[in-house]
Every structure is written in C-alpha cells, then in structure tokens.
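Data first, discussion second: the structure below is written as structure tokens.
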Amino acid sequence: QVQLVESGGGLVQAGGSLRLLCTASGVIFSIKPMDWYRQAPGKQREWVARITTGGTTTYADFVKGRFTVSRDNAKKTVSLQLNSLKPEDTAVYYCNTVPQTAWGQGTQVTVSS
C-alpha cells in the first residue's frame, strides 16, 4: 500500500520560512507526479503545487514566488520550501501522488502575525 508521511511543519512568525518533507513508500516514486495540498481551518482541502516526474513545477497563484517544490527520486521524497509565510498560509499540509492515492497525516503549519 502507498504510504505518505509529511513532516517539517511548525509555528513561525509572518515572513518566516519552513521546509516540509514528504516521504513515500509502496509506490514507484520516479514515475509519479507529486502534489502538495493544504487544508485551513473551516476550509476545504486545496491544491498548492505540483512537480512532474521530470521536475517541472506548477503552483497555485496564491503561493507563486513564495513556495518551491522539489523532489529526490533516489530518496523517494518531495519537499516544499515555504518562504515569506503569511497567516493565511496556516493549514495542515499534505502530499499525494498523481493520480491520487492514500492521504497521509499531514503536517501542521501555523503562521502567527
């Protein structure tokens, strides 16, 4: 079974940075595009970023210029570098394969003002 484990979240002040890590198992990682999602309090889960098998990246408009997604196929990991964080970035962040498989536990990012 596919298992996705997110880590790296925490509490940070507005303008700060965090680096999130997603570790995958049970999947041929190198042939799977990978997505990041987030779910804020009282809101539905929303798509944040994608990285293709070849490393091409796409971002939601609200994070362009601030977040960077990368992958390491040898380690079967995908990272999300979050810079210039805003309070509205507060959410639980999740990764997933494309097509979607199992959801992990997510990692909490809290941005204070």
Side-chain angles (χ1 to χ4, degrees):
Q1 296 183 16
V2 176
Q3 183 171 235
L4 302 167
V5 179
E6 300 92 345
S7 62
L11 175 64
V12 65
Q13 294 184 31
S17 299
L18 287 170
R19 184 173 182 268
L20 310 183
L21 180 69
C22 169
T23 301
S25 62
V27 62
I28 307 175
F29 184 80
S30 62
I31 65 170
K32 295 288 186 180
M34 294 293 296
D35 282 342
W36 282 96
Y37 294 81
R38 69 186 187 186
Q39 186 169 19
K43 299 177 68 176
Q44 297 298 307
R45 185 167 52 226
E46 63 183 349
W47 175 81
V48 173
R50 174 172 292 182
I51 184 165
T52 70
T53 57
T56 301
T57 58
T58 311
Y59 301 94
D61 287 342
F62 50 82
V63 302
K64 283 183 178 178
R66 300 189 298 122
F67 293 4
T68 304
V69 62
S70 59
R71 68 190 295 156
D72 185 332
N73 287 342
K75 296 181 179 179
K76 300 177 72 172
T77 62
V78 59
S79 297
L80 187 67
Q81 179 69 44
L82 301 82
N83 296 327
S84 302
L85 283 163
K86 305 173 181 179
E88 53 262 44
D89 295 320
T90 295
V92 178
Y93 284 72
Y94 303 87
C95 62
N96 215 325
T97 56
V98 182
Q100 184 187 112
T101 56
W103 294 102
Q105 83 288 348
T107 187
Q108 176 71 52
V109 171
T110 303
V111 184
S112 65
S113 59

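Throughout, residue positions are numbered sequentially from 1 according to the sequence presented.
- Looking at every heavy atom in both residues, P87 comes nearest to S113 through CG-CB, 3.9 Å.
- E46 meets the salt bridge (Lys or Arg N to Asp or Glu O under 4.0 Å) test with R38; sequence neighbours excluded.
- Distance check, rounded to the nearest 0.5 Å: CZ of F67 to CG of L82 gives 4.0 Å.
- Residue pairs meeting the salt bridge (Lys or Arg N to Asp or Glu O under 4.0 Å) criterion with at least one member in residues 12-21: none, sequence neighbours excluded.
- For T57, the side chain to side chain contact (heavy atoms under 4.5 Å, CB included) partners are I51, Y59, V69, not counting sequence neighbours.
- Residues in residues 55-65 take part in these salt bridge (Lys or Arg N to Asp or Glu O under 4.0 Å) pairs, two or more places apart or across chains: D61-K64.
- Taking the side-chain hydrogen bond (donor to acceptor under 3.5 Å, both in side chains) definition, one finds that Q108 meets it with T110, sequence neighbours left out.
- For residues 31-84, the set of pairs meeting the disulfide bond (SG atoms under 2.5 Å apart) definition, not counting sequence neighbours, is empty.
- If you take CZ on R71 and OG1 on T53, they are separated by 6.5 Å, rounding to the nearest 0.5 Å.
- For the side-chain hydrogen bond (donor to acceptor under 3.5 Å, both in side chains) test, residues two or more places apart in sequence or in another chain that qualify with N83 are S17, Q81.
- Interatomic distance, OG1 of T77 versus CG of D72, reported as 4.5 Å (0.5 Å rounding).
- Contact between L85 and R66 at its shortest, heavy atoms only, is CA-NH1, 3.9 Å.
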Table please: side-chain donor-acceptor pairs of residues 27-36 below 3.5 Å, with sequence neighbours left out.
{"residue": "D35", "atom": "OD1", "partner": "W47", "partner atom": "NE1", "Å": "3.3"}
{"residue": "D35", "atom": "OD1", "partner": "R50", "partner atom": "NE", "Å": "2.6"}
{"residue": "D35", "atom": "OD2", "partner": "Y37", "partner atom": "OH", "Å": "3.4"}
{"residue": "D35", "atom": "OD2", "partner": "R50", "partner atom": "NH2", "Å": "3.0"}

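- Through direct or relayed side-chain contacts under 4.5 Å between Ile, Leu, Val, Met, Phe, Trp and Tyr, V5 connects to no other residue.
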- [ ] Before giving the answer on side chain to side chain contact (heavy atoms under 4.5 Å, CB included), spell out for F62 and E88 the whole-Å C-alpha distance, their side-chain angles and the decisive distance to 0.1 Å.
- [x] CA-CA 10 Å; F62 50 82; E88 53 262 44; over 6 Å; no

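- Within 6.0 Å of CD on Q100 lie more than 12 heavy atoms contributed by other residues, nucleotides or ligands.
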Pairs under 3.5 angstrom only: tabulate donor-acceptor contacts from the side chains of residues 6-16 to other protein residues two or more places apart or in another chain.
{"residue": "E6", "atom": "OE1", "partner": "Q105", "partner atom": "N", "Å": "3.4"}
{"residue": "E6", "atom": "OE1", "partner": "G106", "partner atom": "N", "Å": "2.9"}
{"residue": "E6", "atom": "OE2", "partner": "C95", "partner atom": "N", "Å": "3.0"}

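- L20 places a side-chain heavy atom less than 4.5 Å from the side chain of V109.
- In this structure, the side chain to side chain contact (heavy atoms under 4.5 Å, CB included) partners of T101, at least two apart in sequence or on a different chain, are V2, L4, N96, T97.
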